[in-house]
Visitor: 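Pasting in a structure now, in structure tokens, and then I'll have a few things to ask.
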Amino acid sequence: RDALREVREERAGIRTPKIKQNEKPLAEHLSDFQQSLEAKEVSPDQVKLVIGRLKRAFEASGMSLLSDLNANDFQKYLAAIRKKGRSQQTCKHIVRHAKQFVRFLIDDDRVAVDPFRKLRPPKVSERRHRRRALTSDECSRLLKAVRICGVMYGLSGADQEALFLTALHTGYRASELSRLVVANLNLEGEHPHVSLAGKDTKNRDEARIPLHDPQVVKFQIGRASCR
């Protein structure tokens, strides 16, 4: 009934809200989606990654309006980038981004039906990079190497050693390390630790890491932050 009414209104020259939304370029909807992610305090790096992937996918698929969104063309895009070497894991993330974008459109009454409802993420059966912990010897050699290297990214060898030592103690990602300051250290009490608030971590959860040698870490972070 609603669809018939919209058809009649369109024929009569009445531009319904959904027609107006479809006249809006897809790039503008993506911009609005980006603002919604930023309002939810998603990290800038993650926002840039999500929006960038969606822009490339939609442009390569020839999608410029909401009415262009469809699972078949999007699936062809995924197949094309797989042939160019993209991993199954990356394709899975792109599908997740696309579905997140459509949820935003539906929640904001921009579309009535999910155009990607039949889109399925690929099963991840390959493992390109097998991860493992560094051995004690590898940690020692890493710290020794950065200690004697020249300035990189504005950091001296000593500062780089401090950065890697902190990473080895905490397991924080590079983006999380960039937000770490001495105030994040809690060296009092029975369980000394370093913590980051949820707004500074990738998964938006507070990350509290026990320190086994807090005095060394405190000294290294303090020295690096005083540049």
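Throughout, numbering of the chain's residues begins at 1 and tracks the sequence. None of the values given here were measured: they were computed from a predicted structure.
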Visitor: Run the salt-bridge test on R110 and D32 with the 4.0 Å N-O cut-off and return the result as yes or no.
Guide: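 Salt bridge between R110 and D32, a charged N being under 4.0 Å from a carboxylate O: yes.
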
Visitor: Should R141 and D137 count as an ion pair when the cut-off is N to O under 4.0 Å?
Guide: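 So R141 pairs with D137 through a salt bridge.
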
Visitor: Donor-acceptor pairs are to be reported for all side-chain atoms of residues 47-62 against protein atoms at under 3.5 Å, with residues two or more places apart or in another chain.
Guide:
from : atom 1 : to  : atom 2 : distance (Å)
R53  : NH1    : H97 : NE2    : 3.1
S61  : OG     : A57 : O      : 2.8

Visitor: Evaluate the criterion side-chain contact (heavy atoms from CB on, under 4.5 Å) for residue pair V95 and K92; output intermediate values, then yes/no.
Guide: CA-CA 5 Å; V95 171; K92 181 177 180 179; 5.8 Å; no

Visitor: Would you please test I94 and I81 for side-chain contact (heavy atoms from CB on, under 4.5 Å) and show each step?
Guide: CA-CA 11 Å; I94 293 174; I81 63 174; 3.7 Å; yes

Visitor: Indicate yes or no for a side-chain donor-acceptor contact from T90 to the backbone of R86 under 3.5 Å, with no hydrogens or angles considered.
Guide: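 No, T90 side chain to R86 backbone: no donor-acceptor pair under 3.5 Å.
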
Visitor: Is there side-chain contact between P115 and N70, with at least one heavy-atom pair below 4.5 Å?
Guide: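 The answer is no; the side chains never approach within 4.5 Å.
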
Visitor: Is I106 reachable from L26 through a run of I, L, V, M, F, W or Y residues, each pair having side-chain heavy atoms under 4.5 Å apart?
Guide: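 Yes, L26 and I106 fall within the same hydrophobic cluster.
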
Visitor: Which pair of non-hydrogen atoms, one from K24 and one from L65, has the smallest distance, and what is that distance?
Guide: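 What the structure gives for the nearest pair is O-CD2, 3.8 Å.
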
Visitor: Can you give me the closest heavy-atom contact between R173 and E176, atom names plus distance?
Guide: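 Answer, listing the atom of R173 first, then E176: N-OE1, 2.8 Å.
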
Visitor: Let's go through L105 and L69 carefully: what are the C-alpha distance in whole Å and the side-chain angles of both, what is the deciding distance for side-chain contact (heavy atoms from CB on, under 4.5 Å) to 0.1 Å, and is it a yes or a no?
Guide: CA-CA 12 Å; L105 296 175; L69 297 176; 4.0 Å; yes

Visitor: Does this structure show an ion pair linking K40 with E38, if we count only N-O contacts that are shorter than 4.0 Å?
Guide: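 Salt bridge flag = no for E38 with K40.
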
Visitor: In sequence, state the C-alpha distance, the side-chain angles, and the governing distance for S178 and S175, and then conclude on side-chain hydrogen bond (donor to acceptor under 3.5 Å, both in side chains).
Guide: CA-CA 5 Å; S178 69; S175 60; 5.8 Å; no

Visitor: Give a yes or no on whether the backbone of S43 and the side-chain of Q46 come within a donor-acceptor separation of less than 3.5 Å.
Guide: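 Checking the backbone N and O of S43 against the side chain of Q46, no donor-acceptor pair under 3.5 Å is found.
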
Visitor: Is there a side-chain contact (heavy atoms from CB on, under 4.5 Å) between L196 and I209 once you walk through the steps?
Guide: CA-CA 9 Å; L196 275 177; I209 310 298; over 6 Å; no

Visitor: Is any side-chain heavy atom of K99 closer than 4.5 Å to a side-chain heavy atom of R96?
Guide: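 Not touching, per the 4.5 Å side-chain cut-off.
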
